[in-house]
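All remarks here apply to the structure that follows.
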Amino acid sequence: MPLTLQEVEHIAKLARLELTDEEKTRYREQLSAILDHVAQLQKLDTSSVPPLAGMSGSESHLRPDLARPGLGAAELLKNAPAQADAQFKIPPVFE
Amino acid sequence: MNYEPVIGLEVHIEMLTKSKMFCSCPVVDSVSAEPNSAVCPICAGHPGTLPVLNETVVDFALRVATALGCRINPVSIFARKNYFYPDLPKGYQISQYEEPLAVEGQIFIGEKLIRIRRVHLEEDTGKLTHVDGRGTAESAENPVESQNRRAPTGGYSLVDLNRAGVPLLEIVTEPDFHSAEDVRAYAELLRALVRYLGVNSGDLEKGVMRVEPNISVRPVGTETLGTKVEIKNLNSFRALERGVAYEISRQIQLIEAGGAVAQETVGWDEAKQSTYSQRSKEDAHDYRYFPEPDLPPLVVSESWMNRVRASLPELPWERYKRFRADYGLNHGEAWGLVSEKAAGEYFQSVLGAGGGAVRTVYAWVTGELFSLMNTSGYGFESGKLPPQEMAALLKLLADGKINQNTAKNVLAEMFASGASAESIVAARGLAQVSDAGFIAQIVAETLRENPHELESYRAGKVTVANFLFGQVMKKAAGKANPQVVRAELERRLKE
Amino acid sequence: METLTEAQKLLQRGEISSRELTQQALNQISALDGKLHAFLHVDGDSALEQADAADQKRKSAPEPVSPLLGIPLAVKDVIVVEGMPCTCGSRILQGYRPPFTATAVKRLQAAGMIVLGKTNTDEFAMGSSTENSAYGVTHNPWDLTRVPGGSSGGSAAAVAAGLVPAALGTDTGGSIRQPASFCGVTGLKPTYGRVSRYGLVAYGSSLDCPGPFGRSAADVAAVFSAMQGRDPLDATSQDVPFAMNFPLAHRERAGVREKDVETATTLQGVKIGIPKEYFISGIQPEVEEKVRTAILSLKELGAEIHEVSLPHTEYALPVYYLLAPAEASANLARFDGVRYGPRVEGDSMWDVFYKTRGEKFGDEVTRRIMLGTYALSAGYYDAFYGQAQKVRTLIKRDFEQVFAKVDAIACPVAPTAAFKIGAHGDDPLAMYLEDVFTLPANLAGVPGLAFPVGFDQAGLPVGMQLMGRHFDEAALFRLAHAYQQVTDWHLAKPGIS
């Protein structure tokens, strides 16, 4: 299998996903099968092919420097799971 | 064995455009503004939102990069820098990676060449504050640091997104610095530059400019670079210089004691005047950069570049050179006038308006006038004392119409009332008297009224002349031309 | 429920009011959506209010009013509409109320359309069956034991079952075209950049395209026309003029196929390419048969048929399943329990990240985030993400070369008709293979229009797709409309309604 258990755990850490042992095993198998399939891309010689940079044409589409009022703290915090002092409240950042 | 420090600098500069980098929220002072008062779904990272680049941000960036002599890439690409932190709403920062806005610039610290490796655009993060169990708040800025500190029990953290999405310019140098003094000099030069270009105040304390040195040491005469350490949290020019000096010293001592420098990020502790390790347990450095699919490539046309070049004011180092060459000012004098753009311009304007000799103008502008401005809180750019008025005052002095003392008083009144020098002198009858006959008369009178002192002088106590001088001036109600008084007094005393 | 074009005529003639039309839709939803589960949210009161306002406007405004005035619309639940929840079919957005509306929806609302509600979707648009929704699967109106396709299954089913005349979906790898095919309706994946993505919850940023479902090409064109165009809030959107140059009005249908070519548009001079890589073994035989028959109809209408080749077609799947998850891994990083959505509590902020994301994302989303993270990670970027971007260039070039010779490409939409719910079990790769014919258009950015061309023996709809040059949706509409003048597959209704 292309993926080891440690690699699965490393990826989960990079993506901040807490996985159960069962999930780690299952995803290891499934992701390995997918990676086996995508490996066929390696067959192609792309040494003289540029990556597809963007899909949006050649204009930069900038906007003028005009300020508009924000949503306001009250509206912004309506969806917040927790708040205090007009800010998003979260458990301590320190461990 | 002698070691030399090798230092490269990363400086982040907030660009104070009206609106944020990728949305129309106003750019506010995140220290003083109400929390979350300048936030919209885009800079809050709501699902479904998209970034659109502010054209003035690019303009500001082009001006800085051009001033630094960089080569501007006609096409540059944005990239996502992926990591998790509560003050990073999208879970990635839009930055530039492989194809930045500008590369290969240079700047001189005195005669020393500092090469600018790259200048690129990115967005700022929000602000994180930690509130401990007792309710005391402290900043919790650094993602690496925060994973390792132990929090006091209880407490929570707060997120303010006012600063999220504020436009930043990152300037990276080659490791061309070899002393803490040079690092400070560079930072001061950059501060002057951003002020000249109207990009921001250059205030390290306010965080609008953030300097992060990367420091390593190596034996003198060798080429290989040592392991480098990055220092964060240097919030003043003084801290910058001391922090760099401390770290250089720490590394040398460590190596000489047989140890090895670890590659890490350290923080500067202002209170302890030392650095502390922020070594991470997790490898937080796989940013998985890839080109930002939501933004087309940034194209800078030749005509835009021409407009930028044409719009640059005289740059600080250009003005510095010119002030030294044209006016004969020394390093400290020239830099003092240059580092504050308004002061240098005022100085020039006074000269241009007929203020007279350079040294006189210099002395008055940086002496009397500057101290009046300091106490009053009005600066050179306030228009409180137009340069033509200053020049007129100095002309009266140079023409001998008033003396030095009078001029000081008149200046103070001009500053307070806004009236012209001419009108104040006329109204108060302050015109200096130079008439030889009048002065001969008051000198004679003074000598007659102070026979003891005249005796003392004749007996050899020459310092009495100063007392007598003061008496003559007092008799003349301060309006006598002091040079003429001195000459007449000397003549009489020598008889 | 009438088609959109029919509803327009009735409204214009005053034979029906918008209120009546909207009430009809709500009644259909009440009657049938219990079995279908196409909708996740319906706001009847607001819809009727808007209907009344539309009726008022029609009475008092000077002629002509917008052709879309007073017509109900459903919106896939990955597109935000202020005033309605947006779940993206995920637990991680349960309870989330967006503070803004997507530009595409705003434009349709400005044109007078009435948003009735939000439709079911695979979680974050990742899937080909709508089975990945955290809120239950949607059932195919033609056979309730089968999937409607995905990820825009709810929208496709709602239109097929006559709950609404039109609905919005999104297509990142086929998620409009494949459900259109499975449900027997017409669906357009526009050119990338044609329709603003502002307000579409991002999955694959360089692939996502919002687009309309309707009962006919004319219906779809009407909605598309009002949605498309450059948006200052989306830097990847572009302005290219779109003109509909074919007759919109359907003739009255008596259930009899018309052979009268006089009123049908002739396709003289149009060249259609048949790509050999899309007619491979493994396709359900009836699917191939129906598609080939439809191509013959187009030929009878005057089009020239050519064999063409898109040589890198087989690489579309691996390219897509590296690029889309890579972009998604970054796009979904914002779901962290800090600013919106539910939060799973923890002692530290890091706990909150790990637990909220670990618990609230479904399996398929988790897999794709992991796949994408891996493809971008240190040491793997060049081999995976980098290589995929290069092969994507090759796939795009294939299309450019073919479009130098033909005006449109005709091919199947999916290898089979709608499969049974649960058929792919827990085999992600098998599910991915459903998309082989639709993925290439997303990689190249070209438009694709899917429409029904028959039924298989089980009575399930079979669809065909036409792909066109960038920004040439008009050619696709012209072809499909001509086909729909001489056939009536698109007017068939499932027994459920």
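Below, chains carry the letters A, B, ... as their sequence lines are ordered, and counting in each starts from 1. Everything quoted here is computed from the prediction, not taken from an experiment.
With respect to A:L62, the side-chain contact (heavy atoms from CB on, under 4.5 Å) criterion is satisfied by exactly one of B:V52, B:L53, B:D59, B:T56: B:L53.
The shortest non-hydrogen separation linking B:N36 to A:Q87 is ND2-CA, 3.5 Å. Shown here for A:A73 and B:P35, the closest heavy-atom pair between the two residues is CB-O, 3.9 Å. A:R63 and B:M21 get closest at one heavy-atom pair: NH1-O, 3.2 Å. Between A:I90 and B:P86 the shortest heavy-atom distance is CD1-CB, 3.4 Å. Nearest heavy atoms, A:L14 versus B:F84: O-CE1, 3.3 Å. Between A:P92 and B:S157, the shortest heavy-atom contact is CA-OG, 3.5 Å.
Within a 6.0 Å sphere centred on OH of B:Y289, heavy atoms belonging to other residues, nucleotides or ligands number more than 12. By the 6.0 Å contact criterion, CD on A:E75 is enclosed, its count of non-hydrogen atoms from other residues, nucleotides or ligands being greater than 12. Annotation: B:E98, atom CD; neighbour count of heavy atoms from other residues, nucleotides and ligands within 6.0 Å does not exceed 12.
Only the side chain of B:L161 comes within contact range of chain A, with heavy atoms under 4.5 Å apart. Contacts between A:N79 and chain B at a heavy-atom distance below 4.5 Å involve the side chain alone, from C-beta outward. Contacts of A:A15 with chain B are made by backbone atoms alone, with heavy-atom separations under 4.5 Å and no side-chain atom involved. For A:E59, the part lying under 4.5 angstrom from a heavy atom of chain B is the backbone only.
Checked by atom type and distance alone, the side chain of A:S60 pairs as donor or acceptor with a backbone atom of B:P297 at under 3.5 Å. Within the 3.5 Å criterion, the main-chain N or O of B:C23 finds no donor-acceptor partner in the side chain of A:R68. Side-chain N or O atoms of B:S24 include none that pairs as donor or acceptor with a backbone N or O of A:A67 at under 3.5 Å. The main-chain N or O of B:N54 is never found under 3.5 Å from a side-chain atom of A:D65 such that the two would form a donor-acceptor pair.
Most heavy-atom pairs under 4.5 Å with chain A: of the set B:G91, B:P41, B:C43, this distinction falls to B:P41. Of the listed residues (B:V299, B:V39, B:V58), the one with the most heavy-atom contacts under 4.5 Å to chain A is B:V39.
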Q.
I'd like to know whether B:H46 forms a side-chain contact (heavy atoms from CB on, under 4.5 Å) with A:L76, so could you lay out the CA-CA distance, the side-chain angles of the two residues, the decisive distance to 0.1 Å, and finally the verdict.
A. CA-CA 10 Å; B:H46 273 244; A:L76 183 70; 4.3 Å; yes
